[in-house]
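One structure below.
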Protein chains: 2
Amino acid sequence: MLSNTEENYLKALLYLTADETGKKEAGTNDLAVHLGLKPATVNDMLKRLKEKAYVSYKKYGKISLTRTGREIAVFVMRKHRLWETFLCEVLEFSWDEVHEVAEQLEHIQSDKLTERLDRFLNYPDYDPHGDPIPKPNGRMPPRATTLLSSVALYQSCTVAAVKDTSPVFLQYLEQLSIGIGTKIKVLEKISFDSSMILQVGKGRITVSEKFANSLLVDGQ
Amino acid sequence: MLSNTEENYLKALLYLTADETGKKEAGTNDLAVHLGLKPATVNDMLKRLKEKAYVSYKKYGKISLTRTGREIAVFVMRKHRLWETFLCEVLEFSWDEVHEVAEQLEHIQSDKLTERLDRFLNYPDYDPHGDPIPKPNGRMPPRATTLLSSVALYQSCTVAAVKDTSPVFLQYLEQLSIGIGTKIKVLEKISFDSSMILQVGKGRITVSEKFANSLLVDGQ
DNA sequence: AAATAAAGTTAGACTAACCTAACTTTATTA
DNA sequence: TAATAAAGTTAGGTTAGTCTAACTTTATTT
């Protein structure tokens with residue numbers, strides 16, 4: 001049985017290496033930054049995780065998860081996202097509050113609890129941020145890949161997920177009445193700064209490039 | 001913020017000192033036995049807890065919780081019993097399975113979570129074993145105090161709580177179709193071994209003295 | 001390609017939470 | 001009440017997980 005700390009290292013490694021931004025490997029430093037620890041600390045832990053065959057790397061080389069390591073990390077992610085869903089949908093937390101609590105709940109060790117929670121939530125495919133919830137076998141529902149910023153002029157789309165889950169962004173979305181499933185039409189693209197004018201419901205709003213790069217949408 | 005371990009010491013102390021069996025103080029050894037640790041280990045921790053003013057004792061003397069220490073322990077108990085209720089009533093765990101998982105869940109730090117869970121469960125007064133759930137202010141609903149063994153001949157009563165929460169006893173109760181709220185009538189008391197013959201629903205069963213001392217009931 | 005910067009590793013130290021072994025104090029009992 | 005047993009404490013050791021400071025290796029840049 002892994003400690004919470006070990007699980008967090010594997011989760012961080014999954015995040016860093018399964019990053020859709022391309023890179024499939026992570027270094028000691030990346031991990032240290034992501035976990036808020038010192039490289040020396042991470043180095044120590046990596047030795048132990050390598051010993052236990054959860055990660056694989058050569059000295060001074062890049063780190064990757066082994067099959068077992070990845071399975072564990074995916075399972076922790078599954079629990080995290082199920083709990084986030086529970087907190088939002090059942091206990092009516094707002095979506096900017098759930099992450100911190102789910103960070104704790106994801107480490108509860110009880111397969112029965114996880115599966116019953118999944119059943120109670122009616123086997124959801126996506127969490128409140130639109131992130132896919134891994135199934136018990138480790139498979140993931142497809143993830144939306146289209147950025148709002150890449151939607152063509154006059155096209156309509158539906159918000160599928162948020163790329164940025166920081167409370168400040170989520171609260172801003174709330175304020176704009178934008179959530180998962182919200183329909184958006186691109187009315188104008190300002191070439192000067194790549195900002196966009198959008199139709200949301202009956203209103204129109206202007207959003208920055210950064211904003212448009214933080215929302216994932218489904219076509220039409 | 002206390003560690004899980006520290007919370008467990010306070011909880012154990014609450015259990016040992018708030019024991020309705022009379023004694024209001026506990027010793028290093030009692031704690032060690034209850035927690036499955038060595039007296040030396042407990043001694044170390046007690047020094048820290050005293051330092052932090054959660055417990056009070058003099059060298060070689062008995063240990064008791066301070067006001068703050070008791071408040072924390074009661075709050076952990078509140079969370080434990082709310083989670084047990086959630087697991088049984090919402091996720092359909094059986095009452096012999098909930099304890100182990102609740103031992104983990106009770107340490108989740110989020111007041112909002114606790115209060116929302118309470119609300120979702122409709123502010124229950126008792127957990128699945130009939131134990132009172134402390135309110136946010138620390139007050140407890142009244143606890144049943146009458147043992148089945150002390151019920152007079154030909155009297156009826158209602159099961160209010162179990163004194164023994166071991167899976168083996170709980171499963172036996174299940175087998176006998178006895179749960180919280182079950183109505184029981186005392187048909188006969190065998191003076192030889194203090195066993196009792198009971199009416200439960202339409203059937204009659206014979207139970208041992210040990211059994212009759214493990215069930216708490218409400219009058220009539 | 002040599003100099004410099006960045007990334008990674010090692011050594012030594014600290015705290016929390018556990019242990020064993022030896023010792024001291026308090027309680028029990030012959 | 002003196003001997004013995006039980007309870008409690010101290011000293012010193014272990015592991016997990018963190019740190020700083022110094023060092024080595026790899027990557028970058030001129």
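Throughout, a chain's letter reflects where its sequence line sits, starting with A, and its residues are numbered from 1.
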Counting only side-chain nitrogens and oxygens, does B:K59 get under 4.0 Å of the OP1 or OP2 atom of C:dT26?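 Answer is no, no contact under 4.0 Å.
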Distance below 4.0 Å between B:K47 side-chain N/O and D:dT9 OP1 or OP2: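 B:K47 to D:dT9 OP1/OP2: no side-chain N or O under 4.0 Å.
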Review item, side-chain donor-acceptor pairs of residues 49-63 of chain B, under 3.5 Å, at least two apart:
| residue | atom | partner | partner atom | Å |
| --- | --- | --- | --- | --- |
| B:K50 | NZ | B:Y57 | O | 2.8 |
| B:K52 | NZ | B:E6 | OE2 | 2.6 |

Is a side-chain donor-acceptor pair under 3.5 Å present for B:W95 with B:E174?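 Yes, side-chain donor-acceptor contact under 3.5 Å.
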A:H80-A:D127 side chain donor-acceptor pair, cut-off 3.5 Å: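 Distance-only check fails for A:H80 and A:D127.
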Check for a donor-acceptor pair, side chain of [X] on one end and backbone N or O of [Y] on the other, with a separation under 3.5 Å.
X: A:R81; Y: A:P134; value: no
X: A:Q104; Y: B:Q109; value: yes
X: A:T17; Y: A:L13; value: yes

Could you encode protein contacts along nucleotides 13-23 of chain D as a string, one character per nucleotide from 5' to 3', using B for base contact, S for sugar-phosphate-only contact and - for no contact, with a heavy-atom cut-off of under 4.0 Å? ---SSBBBB--
Who pairs with A:E7 by salt bridge (Lys or Arg N to Asp or Glu O under 4.0 Å), at least two apart in sequence or on another chain?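 Salt bridge (Lys or Arg N to Asp or Glu O under 4.0 Å) list for A:E7, sorted by chain: empty.
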Please list, chain by chain and in numerical order, all residues satisfying salt bridge (Lys or Arg N to Asp or Glu O under 4.0 Å) with A:E209, sequence neighbours excluded.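 Applying salt bridge (Lys or Arg N to Asp or Glu O under 4.0 Å) to A:E209 gives none.
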Polar-atom pairs under 3.5 Å, protein N or O versus N or O of nucleotides 2-7 of chain C: list them with distances, or write none.
none

Residues within residues 100-107 of chain B bordering DNA chain D, heavy-atom distance below 4.0 Å: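 Listed by number, there are none.
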For atom NZ of A:K135, is the number of surrounding heavy atoms from other residues, nucleotides or ligands below 6.0 Å larger than 12?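 It does: A:K135 NZ has more than 12 such atoms within range.
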